Amino acid sequence: MPSGARADETPGRCYIRPMIASFSQWIPWTDRAGRLSWLKLAFFIALLAPAIWMAIEWRYDLYSARPLADAIRESGDWALRVLVASLAVTPLRFVARWNRLILVRRAVGLAALFYTLLHIALWCVELRFEWLDILRELVSRLFLTVGLVATIVMAALGVTSNEWGIRRLGAKNWNRLHAWTYAATALSILHYFMESRLDVTEAVLLAGLFALAMAFRLARKKWGASFWPLAIAALICGGVTALIEAFYYRVSTGVNVARVLGANLDFSYTIRPAWWVLATGVAIALLSIFRAWTAPEPVRGRAR
Ligand code: HEM
């Protein structure tokens with residue numbers, strides 16, 4: 001009997017579990033034992049919904065007169081939104097004391113890669129797959145070069161995001177490699193800012209949420225997932241978001257920094273991204289109090 005097999009198992013059976021585990025990692029709605037996971041299924045449907053909506057927009061002519069350009073932008077938007085969301089999974093897992101969230105982290109990361117590849121494929125369609133033109137564009141337009149570097153990093157992370165990748169690299173190197181998610185996200189946000197013309201509201205919001213995800217990760221590691229460190233991190237990130245917006249407009253249009261900062265206090269037109277970042281951060285900090293009260297046992301284990 002191979003070592004590790006239980007006495008009541010036939011010799012062949014002890015190989016079945018690893019086989020199921022390695023096969024089920026490719027099925028988006030099953031857990032490692034091959035059983036249906038409602039949480040994974042719900043995330044799978046939610047992550048697929050934007051692509052289905054894009055297909056409907058395409059099929060029923062809901063895009064503007066330039067449908068391809070619209071689809072390129074929309075897929076890019078979803079790629080970045082999902083990428084930023086993927087960074088929120090681990091901090092949320094600890095703050096919400098919801099260990100099962102770890103089951104969906106990989107799916108969220110892969111969905112970001114999926115929307116990125118869709119975004120690039122649509123752009124190649126726009127250039128009619130003229131490879132020389134595509135290459136020339138990629139090297140001559142800086143915002144595209146930045147996007148390309150981000151994509152290469154994301155692809156490396158996607159390829160190694162499975163059991164094979166962890167085994168092959170070893171846990172330490174795997175963690176080191178996957179820390180590059182932050183660089184890929186920062187480059188993707190830069191790509192968005194460089195491409196944006198007038199309105200950078202969503203780019204600023206995503207930059208602020210990215211800062212929040214990073215700050216929460218640091219705060220949790222240093223002081224634990226409790227209210228005050230998270231609330232202070234939220235306050236700082238709200239301020240950082242306002243500064244990012246002010247400096248972007250300063251550099252791109254020359255508008256006075258103080259004027260853009262002042263616009264944050266004018267609620268008659270719209271609520272600026274800095275407030276949304278602050279509100280999100282404070283809501284998560286409050287969640288930590290609620291969960292400490294309803295689920296006294298904190299999540300233990302590695303952040304991976
Ligand atoms: C080789 C890699 C990439 C190429 C060739 C590329 C191409 C483009 C192009 C041509 C646009 C401008 C669309 C327009 O204004 O009509 C754009 C915008 C955008 N891209 Fe990419 N991109 C790449 C990588 C990425 C990555 C990795 C992300 C994020 C994960 C991303 C997210 C975005 C976003 C958010 C926009 C702005 C969409 C908007 O204006 O609403 N791109 N990209």
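This is a predicted model, so every value here is computed, not measured. Numbering of ligands and ligand atoms starts at 1, following listing order.
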**Message:** Tell me whether Glu195 is salt-bridged to Arg141, with the criterion being a basic N under 4.0 Å from an acidic carboxylate O.
**Reply:**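 Answer for the salt bridge query: no.
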
**Request:** Could you verify whether a donor N or O on one side chain and an acceptor N or O on the other, from Asn256 and Arg250, lie under 3.5 Å apart?
**Result:**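 Per modelled atom types, Asn256 and Arg250 side chains form no pair under 3.5 Å.
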
**Request:** Assess the side chains of Arg93 and Thr90: does a donor N or O sit below 3.5 Å from an acceptor N or O?
**Result:**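 Thr90 and Arg93 do not have a side-chain donor-acceptor pair below 3.5 Å.
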
Going by the order shown, which atoms of ligand 1 are within less than 4.0 Å of some heavy atom of [X]?
| X | result |
| --- | --- |
| Gly147 | 2 (C), 24 (C), 27 (C) |
| Leu148 | 1 (C), 2 (C) |
| Ile120 | 1 (C), 2 (C), 3 (C) |
| Gly76 | 32 (C), 33 (C), 34 (C), 35 (C) |
| Asp77 | 35 (C), 38 (C), 39 (C), 41 (O) |
| Thr116 | 26 (C), 27 (C), 30 (C) |
| Thr151 | 2 (C), 24 (C), 27 (C) |

**Message:** Parallel, tilted or perpendicular, judged at 30° and 60°: which one describes the rings of His178 and Trp174?
**Reply:**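 Geometry flag for Trp174 against His178: parallel rings.
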
**Prompt:** Are Val277 and Val282 co-members of a hydrophobic cluster defined by side-chain heavy atoms under 4.5 Å apart?
**Reply:**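 Looking at the clustering, Val277 is in the same group as Val282.
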
Which option, [options], owns the non-hydrogen atom nearest [atom]?
| atom | options | value |
| --- | --- | --- |
| atom 7 (C) of ligand 1 | Leu144, Leu206, Thr185 | Leu144 |
| atom 28 (C) of ligand 1 | Ala112, Ala69, Ser196, Ser188 | Ser188 |
| atom 18 (C) of ligand 1 | Met194, Glu74, Glu126, His119 | His119 |

**Asked** Should His119 and Trp123 be marked as a ring pair (Phe, Tyr, Trp, His ring centres under 6.0 Å) after you check the CA-CA gap, both sets of side-chain angles, and the distance that decides it?
**Response** CA-CA 6 Å; His119 176 62; Trp123 177 69; 8.6 Å; no

**Asked** Given the rule in the salt bridge (Lys or Arg N to Asp or Glu O under 4.0 Å) test, do Glu163 and Arg106 qualify, once you have shown the distances and angles that lead to the verdict?
**Response** CA-CA 11 Å; Glu163 298 289 335; Arg106 180 166 167 250; over 6 Å; no

Would you mind checking which non-hydrogen protein atom is closest to [atom], with the distance to 0.1 Å?
| atom | answer |
| --- | --- |
| atom 15 (O) of ligand 1 | Glu195 OE2, 2.6 Å |
| atom 13 (C) of ligand 1 | Arg73 CG, 3.8 Å |
| atom 10 (C) of ligand 1 | Trp123 CD1, 3.4 Å |
| atom 31 (C) of ligand 1 | His191 CD2, 3.4 Å |

**Request:** Using the ring pair (Phe, Tyr, Trp, His ring centres under 6.0 Å) rule, take Trp275 and Phe267 through it: C-alpha gap first, then chi angles, then the decisive distance, then the call.
**Result:** CA-CA 10 Å; Trp275 292 109; Phe267 299 100; 5.6 Å; yes

**Message:** Tell me whether the count of non-hydrogen atoms from other residues, nucleotides or ligands lying under 6.0 Å of CZ in Phe143 goes above 12.
**Reply:**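 Check passes, neighbour count above 12.
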
**Request:** Count the heavy atoms of every other residue, nucleotide or ligand shown that sit under 6.0 Å from OH of Tyr60, and state whether that count exceeds 12.
**Result:**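 Open: at most 12 neighbouring heavy atoms sit under 6.0 Å from OH of Tyr60.
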
**Request:** Please state whether Phe143 comes within less than 4.0 angstrom of ligand 1, counting heavy atoms only.
**Result:**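 Flag set, Phe143 near ligand 1.
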
